[in-house]
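To start, the structure under review is shown below, and the notes come after it.
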Amino acid sequence: MEERILQFLNNTYPINFYDVKAVTNEMYRCQSQKGVFFVRITNYKSYQEQLDEVNWMNYLFNQGIGVPRVIATINNSFIGKIKLEEEKRVVVFQAASGIHLPRSKWNKTVFKDLGQQIGRMHRVSKGYMNSETTAHINHWYESKEYDFLKYIPAEEKTIREFAHDVVNKIKELPQESSNYGLIHGDLWLENILVDSDSKLTMIDFQDCEKHYYVYDLAVPIYSALEFSFSGGENLRDYERSITRALVDGYKEENELSSEMLTKLPLFMKLKELFEYNLMHMYWNAKELSEEQVRILNLYRSRMEYSYS
């Protein structure tokens with residue numbers, strides 16, 4: 001498999017690769033004389049959806065936003081096609097500098113830098129939002145991952161009511177160029193690299209979508225509370241600290257109205273429902289592990305209590 005991928009890359013891209021190693025089922029780390037590259041091979045989205053995604057990334061890169069550079073083929077296309085067990089689409093990224101920070105390093109200083117980066121991304125994308133190259137980037141509500149009532153079991157009546165209420169409240173918000181546009185959609189901590197000069201790079205734009213900008217602020221806060229808090233202070237104090245820093249950084253680069261800022265807790269609830277829905281979509285309900293049952297029950301308890 002890896003030899004076939006290596007041969008394809010060297011026939012398709014203007015880079016002489018000499019080593020390919022699988023990182024995940026769809027991501028490969030590739031070595032060349034020009035440095036390290038990552039290759040995504042997937043059919044997760046259609047050709048046109050992926051093309052709109054990487055065109056936006058290329059636009060952001062050229063605007064100086066911290067995203068990986070997308071490498072074009074020798075035919076000047078950002079999407080290649082490879083035939084393995086089935087035809088899949090190929091995207092090559094130049095490796096970004098930096099690391100995934102350890103838990104103890106996710107502090108208010110980093111969150112302020114992240115807020116600035118997200119604010120710049122949203123600001124420079126406003127003029128790009130209505131271009132033809134975004135036609136196949138879906139609105140958030142068109143994604144099956146937000147179809148909560150399809151996947152959350154009917155017997156979970158309280159959570160289904162909670163989900164219906166949250167989604168309806170968000171759909172009732174006005175969609176304006178100042179508050180709605182292109183977002184990354186999955187800015188949890190594993191999708192952010194930080195180098196030795198504190199430069200941030202946002203990676204993995206597969207879940208980019210058209211959404212309220214504030215959702216790109218809700219996700220990293222939610223992610224930090226779930227995965228990066230390492231004690232030493234109250235969790236609520238940590239949440240206030242990183243939220244204030246993220247918002248302050250964002251406001252330095254892009255407008256954020258007081259009205260939309262008050263909706264941040266609502267979008268945190270949307271993110272929680274999103275994560276809970278993924279469990280029902282991809283976990284086998286008849287073969288749940290003890291750990292999976294524990295996680296589901298924690299989510300159920302938290303959301304039922306919050307709604308009641």
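The figures here come from the full heavy-atom set of this structure, side chains too, leaving out hydrogens, waters and symmetry mates.
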Counting N and O atoms only, with roles assigned by atom type, does the side chain of [X] sit under 3.5 Å from a partner on the main chain of [Y], one being a donor and the other an acceptor?
X	Y	value
Glu253	Ile118	no
Lys45	Gln206	yes
Gln50	Tyr47	no
Asp195	Lys199	yes
Arg120	Gly66	no
Thr243	Glu239	yes
Lys271	Leu266	no
Asn107	Thr109	yes
Asn138	Glu209	no
Asp186	Phe205	no

Taking all non-hydrogen atoms of both residues into account, name the closest pair between [X] and [Y] and its distance.
X	Y	answer
Ser228	Tyr238	OG-OH, 3.0 Å
Pro14	Ala72	CD-O, 3.4 Å
Val166	Lys269	CG2-CB, 4.2 Å
Ile203	Pro68	CG2-CG, 3.7 Å
Tyr213	Ser177	CE1-O, 3.7 Å
Gln292	Glu287	OE1-O, 4.0 Å

Residues in side chain to side chain contact (heavy atoms under 4.5 Å, CB included) with [X], at least two apart?
X	result
Phe227	Trp188, Ser223
Lys286	Asn284
Thr24	Glu26, Met27
Asn62	Asn58

Check this for me, if you would: do [X] and [Y] make a salt bridge, where the nitrogen-to-carboxylate-oxygen distance has to be below 4.0 angstrom?
X	Y	result
Glu272	Arg300	no
Lys88	Glu85	yes
Asp237	Arg240	yes

Test log, rule salt bridge (Lys or Arg N to Asp or Glu O under 4.0 Å), inputs Arg294 and Glu290: CA-CA 6 Å; Arg294 184 187 71 83; Glu290 184 176 331; over 6 Å; no
- prompt: With a cut-off of under 6.0 Å to the ring centre and 45° to the axis, is Lys263 in cation-pi contact with Tyr212?
  reply: no
message: How long is the straight-line distance from CG of Asn11 back to CD1 of Ile74, given to the nearest 0.5 Å?
response: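 Taking CD1 in Ile74 and CG in Asn11, the distance rounds to 7.5 Å.
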Any side-chain donor-acceptor pair under 3.5 Å between [X] and [Y]?
X	Y	value
Ser125	Tyr59	no
Asp52	Gln48	yes
Glu291	Ser289	no
Asn277	Glu145	no
Tyr305	Thr158	no
Tyr44	Arg89	no

Under 4.5 Å side-chain heavy-atom separation, chaining through any Ile, Leu, Val, Met, Phe, Trp or Tyr, what else clusters with [X]? Say none if it is isolated.
X	answer
Leu6	Met1, Ile5, Phe8, Leu9, Tyr13, Ile15, Phe17, Val20, Tyr28, Phe37, Val39, Ile41, Ile71, Ile82, Leu84, Val90, Val92
Leu149	none
Tyr18	none

Min side-chain heavy-atom separation [X]-[Y] under 4.5 Å:
X	Y	result
Leu296	His280	yes
Tyr180	Leu173	no
Val70	Gln94	no
Leu261	Val214	no
Leu193	Ser97	no
Val91	Ile79	yes

message: So, using side chain to side chain donor-acceptor pair (under 3.5 Å) as the criterion, who are the partners of Asp204 when residues are at least two apart?
response: none
query: Listed by chain and number, what are the side chain to side chain donor-acceptor pair (under 3.5 Å) partners of Ser257, not counting sequence neighbours?
result: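 Partners of Ser257 by the side chain to side chain donor-acceptor pair (under 3.5 Å) criterion come out as none, since no residue qualifies.
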- request: List for me each residue that meets ring pair (Phe, Tyr, Trp, His ring centres under 6.0 Å) alongside Tyr141, sequence neighbours excluded, and say none if there are none.
  value: His139
field: ring pair (Phe, Tyr, Trp, His ring centres under 6.0 Å) partners of Trp140, counting only residues at least two apart
entry: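 Ring pair (Phe, Tyr, Trp, His ring centres under 6.0 Å) check on Trp140 returns Tyr146, His211.
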Would you give me the side-chain donor-acceptor pairs under 3.5 Å for residues 244-252, sequence neighbours excluded?
| unit_1 | atom_1 | unit_2 | atom_2 | d |
| --- | --- | --- | --- | --- |
| Tyr250 | OH | His122 | ND1 | 2.8 |
| Tyr250 | OH | Asn254 | ND2 | 2.9 |
| Glu252 | OE1 | Gln116 | NE2 | 2.6 |
| Glu252 | OE2 | Lys112 | NZ | 3.2 |

- request: Show your reasoning for whether side-chain hydrogen bond (donor to acceptor under 3.5 Å, both in side chains) applies to Asn43 and Glu86.
  value: CA-CA 9 Å; Asn43 54 9; Glu86 59 182 325; 3.1 Å; yes
message: Quick one, Arg40 with Glu53, criterion salt bridge (Lys or Arg N to Asp or Glu O under 4.0 Å). Give me CA distance, side-chain angles, the key distance, then yes/no.
response: CA-CA 13 Å; Arg40 188 180 76 197; Glu53 170 205 337; 2.9 Å; yes
